[in-house]
A.B. asks: 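After the structure tokens below, expect a handful of questions from me.
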Amino acid sequence: MKRKISVIAICVILCGMLAACGKELDARGYLQAMLDLSYKGDSAAYVEMELGTAEDAAALYERGINSEMSFFKEKLNMSEELEADFRSLFKDIYAKAKYTVGAAKKQKDGSFVVEITYERLKVFEPALTVYNERIAGLPEAWAAMETSPTQEEMLEDMTEILRDALRESIDSAAYEAQETLTIRIELIDNVYTPNTQDVISLEKALFDSDYSLENAEGSADGTNRS
């Protein structure tokens with residue numbers, strides 16, 4: 001099962017596009033506000049720039065988390081308790097995003113280019129390494145049970161292992177060397193719009209998130225459950 005980049009920031013940023021209304025855009029401040037809300041759940045700058053209310057910001061932030069959760073809810077067996085655990089995990093992961101929004105340079109067409117300095121967080125790859133090691137022992141554990149577990153119970157066991165591996169990885173996560181990229185804020189039909197591909201590139205840069213859950217759709221012995 002290959003995870004596709006859900007791009008939490010796009011869910012927030014595309015709901016926060018700004019109409020050009022004669023006032024010069026504070027492109028750096030705007031991008032800072034949207035990224036802080038997307039990853040940190042921090043609405044202070046969003047509200048200060050009058051992009052919306054605190055309630056609007058909270059709803060946008062949860063929408064971004066929902067986009068991440070939809071992948072896991074579709075692929076993995078989750079009780080309400082596990083779903084709550086994963087929501088908390090993803091909030092913790094995204095809150096660890098390390099970026100600095102630099103100066104914005106205005107272009108001749110009225111758009112802006114903003115430089116982002118970042119450090120990539122290594123959290124998913126280490127977690128999946130631990131996950132794949134631990135699920136290898138599940139068939140033996142299941143075989144030792146007095147009553148054979150159901151398919152649903154086996155999938156829940158695997159999901160719990162993934163949850164625990166992610167928590168351990170978050171607690172010991174490391175960052176790669178500092179790098180830079182740019183995000184364009186384009187003026188399209190008199191609306192300032194962050195370039196979608198640039199936002200996708202940023203999330204790919206911030207996290208090692210293009211990963212594979214090798215056995216999450218099957219049992220630990222490789223039986224396909226799809």
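All residue numbers refer to positions in the sequence shown, counting from 1.
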A.B. asks: What residues form a ring pair (Phe, Tyr, Trp, His ring centres under 6.0 Å) with F86, not counting sequence neighbours?
C.D. replies: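 For F86, the residues satisfying ring pair (Phe, Tyr, Trp, His ring centres under 6.0 Å) (neighbours in sequence not counted) are F72.
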
A.B. asks: What is the distance from atom OH of Y61 to atom OG of S38, rounded to the nearest 0.5 Å?
C.D. replies: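 It comes to 10.0 Å.
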
A.B. asks: Check for me, please, whether V130 and I135 land in the same ILVMFWY cluster - side-chain distances under 4.5 Å, paths through other members count.
C.D. replies: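 Each belongs to a different hydrophobic cluster.
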
A.B. asks: Hey, mind stepping through R167 and D92 against salt bridge (Lys or Arg N to Asp or Glu O under 4.0 Å) and telling me if it holds?
C.D. replies: CA-CA 9 Å; R167 169 49 61 196; D92 288 348; 2.6 Å; yes

A.B. asks: Is it true that E68 and R87 have a side-chain N and a carboxylate O under 4.0 angstrom from each other?
C.D. replies: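 Judged by the 4.0 Å cut-off on N to carboxylate O distance, E68 and R87 do not form a salt bridge.
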
A.B. asks: How close do F112 and A104 get, heavy atom to heavy atom, and via which atoms?
C.D. replies: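 Heavy atoms only, the tightest pair is CD2-CB, 4.2 Å.
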
A.B. asks: Linking I/L/V/M/F/W/Y whenever any side-chain heavy atoms sit under 4.5 Å apart, do V113 and Y118 land together?
C.D. replies: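 In one cluster: no.
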
A.B. asks: Working to the nearest 0.5 angstrom, can you tell me the gap between L121 CG and E119 CD?
C.D. replies: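 The CG atom of L121 sits 10.0 Å away from the CD atom of E119.
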
A.B. asks: Does K40 use its side chain to pair, donor to acceptor, with the backbone of A95 at less than 3.5 Å?
C.D. replies: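 A pair under 3.5 Å: yes.
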
A.B. asks: Would you please name every residue forming a side-chain contact (heavy atoms from CB on, under 4.5 Å) with E83, sequence neighbours left out?
C.D. replies: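 Partners of E83 under the side-chain contact (heavy atoms from CB on, under 4.5 Å) test: M69, K73, M78.
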
A.B. asks: Kindly give the heavy-atom pair with the smallest separation between A33 and M49, and that separation in Å.
C.D. replies: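 Taking every non-hydrogen atom into account, CB-SD, 4.1 Å.
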
A.B. asks: How far does OG of S88 sit from CZ of R163, to the nearest 0.5 angstrom?
C.D. replies: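 Answer rounded to 0.5 Å: 11.0 Å.
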
A.B. asks: Under a 3.5 Å distance rule, please check whether D208 uses its side chain to pair with a backbone N or O of V123 as donor and acceptor.
C.D. replies: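 Checked: pair present.
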
A.B. asks: If every non-hydrogen atom of P139 is compared with every non-hydrogen atom of A136, which pair is closest and at what distance?
C.D. replies: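 Between these two residues, the closest heavy atoms are CD-O, 3.5 Å.
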
A.B. asks: Can you confirm whether L202 sits close enough to L35 that some side-chain heavy atom of one is under 4.5 Å from a side-chain heavy atom of the other?
C.D. replies: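 They are in side-chain contact.
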
A.B. asks: Could you check if a side-chain atom of I93 sits within less than 4.5 angstrom of a side-chain atom of L166, using non-hydrogen atoms only?
C.D. replies: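 Yes - at least one pair of side-chain heavy atoms lies under 4.5 Å apart.
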
A.B. asks: Report yes if some heavy atom in the side chain of T180 is under 4.5 Å from a heavy atom in the side chain of I116; otherwise report no.
C.D. replies: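 With C-beta onward as the side chain, the pair stays apart.
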
A.B. asks: In residues 172-179, what donor-acceptor pairs under 3.5 Å come from side-chain atoms, sequence neighbours left out?
C.D. replies:
from: S172; atom 1: OG; to: E168; atom 2: O; distance (Å): 3.1
from: Y175; atom 1: OH; to: K96; atom 2: O; distance (Å): 2.5

A.B. asks: Can you find a heavy atom in the side chain of Y30 that is under 4.5 Å from one in the side chain of V114?
C.D. replies: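 Contact flag for Y30/V114 side chains = no.
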
A.B. asks: For L89 and I170: C-alpha separation, side-chain torsions, deciding distance, then whether side-chain contact (heavy atoms from CB on, under 4.5 Å) applies.
C.D. replies: CA-CA 8 Å; L89 284 170; I170 291 169; 3.6 Å; yes

A.B. asks: Heavy atoms, side chains only, cut-off 4.5 Å: are Q32 and Y99 in contact?
C.D. replies: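 They are in side-chain contact.
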
A.B. asks: Donor-acceptor pair, S201 side chain versus Q197 backbone, under 3.5 Å?
C.D. replies: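 Present.
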
A.B. asks: Kindly state whether the ring of Y94 and the ring of F207 have centres lying under 6.0 angstrom apart.
C.D. replies: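 Centroid distance Y94-F207: below 6.0 Å, so yes.
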
A.B. asks: What I'd like to find out is whether the side chain of L206 reaches to under 4.5 Å of the side chain of R120, using heavy atoms alone.
C.D. replies: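 No, too far: nothing below the 4.5 Å cut-off.
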
A.B. asks: Any chance you could measure S169, atom OG, to F124, atom CZ, to the nearest 0.5 Å?
C.D. replies: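 Reported to 0.5 Å precision, the distance equals 8.5 Å.
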
A.B. asks: Hey, does D198 have a side-chain heavy atom less than 4.5 Å from the side chain of T196?
C.D. replies: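 In short, these two side chains do not touch, never coming nearer than 4.5 Å.
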
A.B. asks: Hey, is the main chain of P194 close enough, under 3.5 Å, to the side chain of R184 for a donor-acceptor pair?
C.D. replies: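 Between the backbone of P194 and the side chain of R184 there is no qualifying donor-acceptor contact (under 3.5 Å).
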
A.B. asks: To the nearest 0.5 Å, what is the distance between OG1 (T150) and CH2 (W142)?
C.D. replies: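 With rounding to 0.5 Å, OG1 (T150) is 10.0 Å from CH2 (W142).
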
A.B. asks: So, for A127 and A165, which heavy atoms are closest and what is the spacing to 0.1 Å?
C.D. replies: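 Looking at all heavy atoms of both residues, the closest pair is O-CB, 3.5 Å.
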
A.B. asks: If you count every heavy atom of other residues, nucleotides or ligands that lies below 6.0 Å from D189 atom CG, does the total exceed 12?
C.D. replies: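 No.
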
A.B. asks: Do you reckon I200 sits in the same ILVMFWY cluster as L31, going by side-chain contacts under 4.5 Å, direct or chained?
C.D. replies: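 In one cluster: yes.
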
A.B. asks: Which heavy atom in M154 sits nearest to a heavy atom in P149, and how many Å separate them?
C.D. replies: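 Minimum heavy-atom separation between M154 and P149: CG-CG, 3.7 Å.
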
A.B. asks: Is there a side-chain contact between T53 and D56, using heavy atoms and a 4.5 Å cut-off?
C.D. replies: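 Yes; the side chains approach each other to less than 4.5 Å.
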
A.B. asks: Looking at Q107 and K105, would you say the former's side chain and the latter's main chain have a donor-acceptor pair under 3.5 Å?
C.D. replies: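 At least one qualifying donor-acceptor pair exists.
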
A.B. asks: With a cut-off of 6.0 Å (strictly less than), are more than 12 heavy atoms of other residues, nucleotides or ligands near CD of E152?
C.D. replies: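 Not more than 12 within 6.0 Å, no.
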
A.B. asks: Strictly distance-based, threshold 3.5 Å: is any side-chain N or O of S79 a donor or acceptor partner for the main-chain N or O of L82?
C.D. replies: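 It does hold such a pair.
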
A.B. asks: What's the spacing between L187 CG and L25 CG if we round to 0.5 Å?
C.D. replies: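 So the CG of L187 and the CG of L25 are separated by 9.0 Å.
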
